[in-house]
Protein chains: 2
Amino acid sequence: MGKAAEELGVVSGLVRAAFLVNSVYAESAREYGLTPQQGQLLCVLMAQPYGMSELGGVLRLAKSSLTELVDRTAQRGLVKRESDPRDRRVVRVALTERGAELADVFYAETCRRVEELSAGLPEGDRETLGALLGRVVSDNRVPAVFPERDEAPVAARDN
Amino acid sequence: MGKAAEELGVVSGLVRAAFLVNSVYAESAREYGLTPQQGQLLCVLMAQPYGMSELGGVLRLAKSSLTELVDRTAQRGLVKRESDPRDRRVVRVALTERGAELADVFYAETCRRVEELSAGLPEGDRETLGALLGRVVSDNRVPAVFPERDEAPVAARDN
DNA sequence: ATTGTTCGTTCGCCATACGAATGAGCGTGT
DNA sequence: ACACGCTCATTCGTATGGCGAACGAACAAT
């Protein structure tokens, strides 16, 4: 055991599955008039507003890239910048009402489609797959780029 | 069973794992002076040369997008266009020697990094994960965007 | 107050992606 | 043979994405 063939199976499985998910994600976004990046931004912000720096960390983007992504998404009226009274350098990015509505339907539809990808697996295997991927994801500290159902349903949005 | 929570686990597991793999892929590409798309192109061509139309299907790109990707990659001397004597409309895209060398090292390094992602899993779980992902991938007819080790070791590359 | 740091934006540059329009080459039908 | 329609790939225009460097504003420390 421990043969190269099996290990490579995991590797190319992961890479090809990622390709597949990307395709589905992009197509879903497209149908709602979103780019994949804008869709991802909405999904991240579903959980809570973020400061630009945090967001850059979550999305793994350079700050200049993020400024422009937020610009374009804000131009479409989906997100807004709020200033932090504590520190006037900080900008908090939050969903607008329209953005929240769109995020909901985009998220739901994307979930539906991604779920279909594993529809061919028996129930037990799907759970196993979820558990194993969950392990990989948490081992590698992947930020919450896509909400789990029960996460933070509009918590603090004061000021 | 069949609760929403478990099913969502698979969905967000897949989406987050895809995000993770993308990050790793992009970073690996970057270190070899490649964009992720160019890296992917090289990986696809490792198996064999492709015509533009086929390649568009494999990479899921519009043909104009592909023309330009091949342009840029060819400018870097990594791929070349060959004309098909059977049908002079057809362009076959193949790796140059430099491209093949770079593809080899990029592929190897990317494999290494992706494999590390699942390094925290016990051997048996890794095999299970590979098997389940393999099932998802084949159920959804994902093209060979990333080679398996034993695939097509430099077949026909004449003239 | 001056300095250093953090924060976000701006700017220039290149890569990505698409649709529409274009033109080259193939095949069929008559 | 030649005109038509089809497929192939490219070109063009537009929008987006992504980065690093440079910048200015606001905080923090002395």
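- Phosphate proximity of D/dG17 to A/Gln38: present, with a side-chain N or O under 4.0 Å from OP1 or OP2.
- For the 3.5 Å distance criterion, the side chains of A/Glu148 and B/Ser12 qualify, holding a donor opposite an acceptor.
- A salt bridge is absent between B/Glu101 and B/Arg98; no separation between the charged side-chain nitrogens and carboxylate oxygens falls under 4.0 Å.
- For B/Gln37 and D/dT16, the CD to P distance is 18 Å, given to the nearest whole Å.
- Using a cutoff of 4.0 Å between basic side-chain nitrogens and carboxylate oxygens, B/Asp71 and B/Arg81 are scored as salt-bridged.
- At least one side-chain heavy atom of A/Thr110 sits less than 4.5 Å from a side-chain heavy atom of A/Phe146.
- For the pair A/Glu116 and A/Arg113, the salt-bridge criterion is not met [side-chain N within less than 4.0 Å of a carboxylate O].
- Near DNA chain D, meaning a heavy atom under 4.0 Å away, the residues from residues 50-71 of chain A are A/Leu61, A/Ala62, A/Ser64, A/Ser65, A/Glu68, A/Leu69.
- Put simply, CZ on A/Arg81 is 10 Å from P on C/dG8, counting in whole angstrom units.
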*Give the C-alpha distance, both sets of side-chain angles, the deciding distance and a yes or no for side chain to side chain contact (heavy atoms under 4.5 Å, CB included) between A/Glu115 and B/Val10.*
CA-CA 7 Å; A/Glu115 194 170 349; B/Val10 186; over 6 Å; no
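- At the phosphate of C/dC14, neither OP1 nor OP2 sits under 4.0 Å from any side-chain N or O atom of B/Arg72.
- Between B/Arg72 and B/Glu68, the closest side-chain pair of non-hydrogen atoms falls below 4.5 Å.
- When rounded to the nearest whole Å, the span between CD of B/Gln75 and P of C/dC13 equals 17 Å.
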What are the atom names and distances for every N/O pair under 3.5 Å that joins the protein to nucleotides 26-29 of chain C?
from, atom 1, to, atom 2, distance (Å)
C/dC26, OP1, B/Arg88, N, 3.0
C/dC26, OP2, B/Arg88, NH2, 3.4

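- At the phosphate of D/dT16, OP1 or OP2 sits under 4.0 Å from a side-chain N or O atom of A/Arg76.
- Along DNA chain D, the nucleotide nearest B/Val90 and the nucleotide nearest B/Arg30 are compared for position; the residue whose nucleotide lies closer to the 5' end is B/Val90.
- Relative ring orientation between B/Phe106 and B/Tyr25 is described as perpendicular, the plane-to-plane angle rising above 60° on a 0-90° scale split at 30° and 60°.
- Following chains of ILVMFWY side-chain contacts shorter than 4.5 Å, one cannot reach A/Val90 starting from A/Leu95, and the two form parts of different hydrophobic clusters.
- Mapping B/Pro36 and A/Arg92 onto DNA chain C via the closest heavy atom, the residue that lands nearer the 5' end is A/Arg92.
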